[in-house]
Amino acid sequence: MECGSYQLIKKSSECGARLGKVYTTRGIIDTPVFMPVGTQGTVKGVAIEFLRGSGAQIILANSYHLYLRPGTEVIKKAGGIQKFNSWNSPMLTDSGGFQVFSLRNIRKINEDGVEFQSHIDGSKHFFSPEKSVQVQKDIGADITMCFDECTPYPADYGYAKSSMELSLKWAERCKKEFYKDDSYKTQSLFGIIQGSVYNDLRVRSTMEMLNIGFTGYAMGGLSIGEPKKDMHSVLESILPVIPENKARYLMGVGMPEDLWEGVERGIDMFDCVIPTRNGRNGQVFTSLGKINIRNAEFKEDFSPLDPDCGCPVCTGYSKAYLNHLVRARETLYLSLLSLHNIYFMINLTLKMRKSLENSTFIKSKKEFFEKYYSRDRLSED
RNA sequence: GGGGGUGUGGCAGAGUGGUCUAAUGCACCAGACUGUAAAUCUGGCGGGCUUGCCCUUCGGUGGUUCAAAUCCAUCCGCCCCCA
């Protein structure tokens, strides 16, 4: 099977949800899948052994960040990112396109590419589509992404249109660069659909991307501040256009509720920093809703984070103890809360896949939400 | 016994006649975080309500003044030096 190719196993009869597999050089990924983000080649605060234990199937890394440090030479010498970080399993690299968005005050964008001023030492670096592809080849992830502009929100129609068109031009160049040698035998390249919240732009972007032709298709520029209904509407306009035999990846999403909504509409892959970043900030996802473990109400709560979770954190530590670790700024909490949150997201996708096997997706979604929001309802009373 | 200093909000610590409910930090109470410049950021932190104002606060008491955390007297507490 070609790296990055998608196999549809089962389609939901109730909605757009699908059960499937993505084939990669380093393993087969069951979808829907949640991919933890490890920007610098490490999922912050989580050791590889624990990450593996969580059931994570594939993790992300970031081209821009790894290019700056430690540099692609080191990673090449190590034998690729999967050897460098000992993960030895499927990985995906983002192209640097998100940094075009997140570092927009220290970069200059033009037709040819983007000049970044390093956030580390201020030095200047030029990322073109070709450069991004080369970097991603050197890093060696199983799935690579086109270099794009993650269009900021809000963007007026004119900006969204030209930004989307720029990403299209860059996508063509990425593809050309990618297929220059035989990396395609071990790596794959996904296209990224842009167009902000304008459905006509999104559909055009999708059709043009399909025209160029990629192994998989990602939706970018979402969950960056736009109303949820806009994201849903964008998904609903794009997804029917993409052929069934291609993986659909919703980039940078998200919250548990976003995964349900995305999968329901036909998304196969997600990635997000939320489990780790929010974990580091004390926010914990549980089947009964999200909580901030630093809050006073948990000071003497000796129960586990989530009664329904069997992760090492829920098995071995109480809320009161974790509350203490956070207050005392003992660094252990960074790892423990990140790990639990990753387990939560991974288990969530596991639950979704099971429900798709049993054709009970909508029912499971409803049950999840009822429980997940029960805390909010209680506090409203 | 003599001399000097000091007492400010939960803590540390600015302020030394009006612009003071009193800087700042910590602690405390919440909130945010979505292809990671994030172990970060934001807000709150005397009481009351009609949200603009009222009341109560700078060791205690008494005074000076139109006005006192700020000046004076006195009491109480703490610290340092000498004996």
Side-chain angles (χ1 to χ4, degrees), chain A residues 34-46 58-66 68-69 91-107 116-122 132 136 141 143-153 167 190-194 216-226 228 231 249-259 261-262 267 269-285 290-299 323 325-338 341 345 379:
Chain A
F34 179 81
M35 310 184 280
V37 177
T39 303
Q40 310 213 57
T42 170
V43 177
K44 289 188 197 296
V46 182
I58 170 171
I59 61 174
L60 256 69
N62 184 281
S63 317
Y64 169 80
H65 287 275
L66 291 177
L68 286 182
R69 189 169 53 192
M91 284 192 68
L92 181 152
T93 42
D94 186 31
S95 58
F98 186 72
Q99 280 61 44
V100 180
F101 162 81
S102 66
L103 304 180
R104 60 186 171 284
N105 40 356
I106 50 169
R107 58 77 170 151
F116 290 101
Q117 184 138 30
S118 162
H119 64 283
I120 301 167
D121 63 7
S132 172
Q136 294 189 76
I143 299 173
T144 69
M145 302 301 300
C146 279
F147 188 60
D148 65 336
E149 184 197 6
C150 176
T151 310
Y153 180 86
S167 290
F190 279 27
I192 305 176
I193 294 155
Q194 292 291 346
Y217 295 91
M219 279 119 265
L222 290 168
S223 255
I224 50 170
E226 81 285 359
K228 295 251 159 154
M231 176 170 88
Y249 164 26
L250 180 51
M251 303 186 81
V253 174
M255 298 292 272
E257 57 270 31
D258 297 328
L259 262 62
E261 300 298 343
I267 297 293
M269 304 165 71
F270 302 86
D271 79 277
C272 196
V273 305
I274 275 185
T276 45
R277 181 190 289 167
N278 291 26
R280 270 178 278 127
N281 294 330
Q283 188 169 86
V284 174
F285 294 94
K290 51 181 203 234
I291 59 175
N292 195 315
I293 196 63
R294 139 177 43 91
N295 288 3
E297 60 175 307
F298 303 113
K299 220 166 175 175
N323 174 278
L325 291 181
V326 172
R327 283 167 186 269
R329 309 238 93 189
E330 274 295 339
T331 58
L332 180 58
Y333 80 87
L334 301 167
S335 299
L336 295 180
L337 300 183
S338 298
N341 282 345
M345 298 306 291
S379 60

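Chain letters run A, B, ... following the sequence lines, proteins first and then strands; every chain starts at 1. The shown structure was predicted, so the numbers you read here are calculated from the model rather than taken from an experiment.
Listed by chain and number, the residues in a side-chain hydrogen bond (donor to acceptor under 3.5 Å, both in side chains) with A:Arg327 are A:Asn323 (sequence neighbours excluded). Looking at residues two or more places apart in sequence or on another chain, you find a side-chain hydrogen bond (donor to acceptor under 3.5 Å, both in side chains) between A:Tyr333 and A:Arg329. By the side-chain hydrogen bond (donor to acceptor under 3.5 Å, both in side chains) test, A:Asp271 is found to be paired with A:Tyr249, residues two or more places apart in sequence or in another chain being considered. Residues satisfying the side-chain hydrogen bond (donor to acceptor under 3.5 Å, both in side chains) test with A:Asn105, not counting sequence neighbours, are none.
You won't find any donor-acceptor pair under 3.5 Å spanning the side chain of A:Arg329 and the base of B:A39, going by distance alone.
Residue A:Ile224 is classed as having no contact, given no heavy-atom separation below 4.0 Å to the nucleic acid. Among the atoms of the strands shown, none is found under 4.0 Å from any heavy atom of A:Lys299. Residue contacts shown for A:Phe270 are absent, as no nucleic acid heavy atom lies under 4.0 Å away. A:Asn105 comes within 4.0 angstrom of a nucleotide base, judged by non-hydrogen atoms across all strands. Looking at heavy-atom distances under 4.0 Å, A:Leu60 makes contact with sugar-phosphate atoms alone, never a base. Within 4.0 Å (heavy atoms only), A:Asn62 reaches sugar-phosphate atoms of the nucleic acid but no base atom. At a threshold of 4.0 angstrom between heavy atoms, the contacts of A:Gln194 include nucleobase atoms, whether or not backbone atoms are also involved. In this structure, A:Ile120 reaches neither bases nor backbone, as no heavy-atom distance under 4.0 Å exists between it and the strands shown. Within the nucleic acid shown, A:Gly221 comes within 4.0 Å of at least one base atom, counting heavy atoms only.
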Restricting both atoms to N or O, compile the protein contacts to nucleotides 30-32 of chain B shorter than 3.5 Å, with distance only.
residue, atom, partner, partner atom, Å
B:A30, OP2, A:Ala296, N, 3.3
B:G31, OP2, A:Asn295, ND2, 2.8
B:G31, O6, A:Arg294, NH2, 3.3

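The partner of B:C41 is B:G31, judged by Watson-Crick or G-U wobble contacts that both fall below 3.5 Å. B:U6 is paired with B:G77 under the Watson-Crick or G-U wobble criterion, all donor-acceptor distances under 3.5 Å.
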Under 3.5 Å, side-chain donor or acceptor atoms of residues 96-104 of chain A against the rest of the protein: list the pairs with distances, not counting sequence neighbours.
residue, atom, partner, partner atom, Å
A:Gln99, OE1, A:Asn62, ND2, 2.9
A:Ser102, OG, A:Phe98, O, 3.4
A:Arg104, NH1, A:Phe101, O, 2.6

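Atom OH of A:Tyr64 and atom P of B:U36 are 12 Å apart (whole Å). The CZ atom of A:Phe116 sits 10 Å away from the P atom of B:A37 (whole-angstrom rounding). The NE2 atom of A:His65 sits 7 Å away from the C1' atom of B:A37 (whole-angstrom rounding). In this structure, A:Leu66 places its CG atom 11 Å from P of B:U36, rounding to the nearest Å. Rounded to whole Å, atom P of B:A39 lies 12 Å from atom CG of A:Asn278. One interatomic measurement links the two molecules: CG of A:Leu103 to P of B:A38, which rounds to 9 Å at whole-angstrom precision.
Taking the C1' atom of each, B:U64 and B:U74 are spaced 15 Å apart, rounded to whole Å.
Each of A:Asn341, A:Leu334, A:Leu337, A:Val273 was scored for a side-chain contact (heavy atoms from CB on, under 4.5 Å) with A:Arg280, with one residue passing: A:Leu334.
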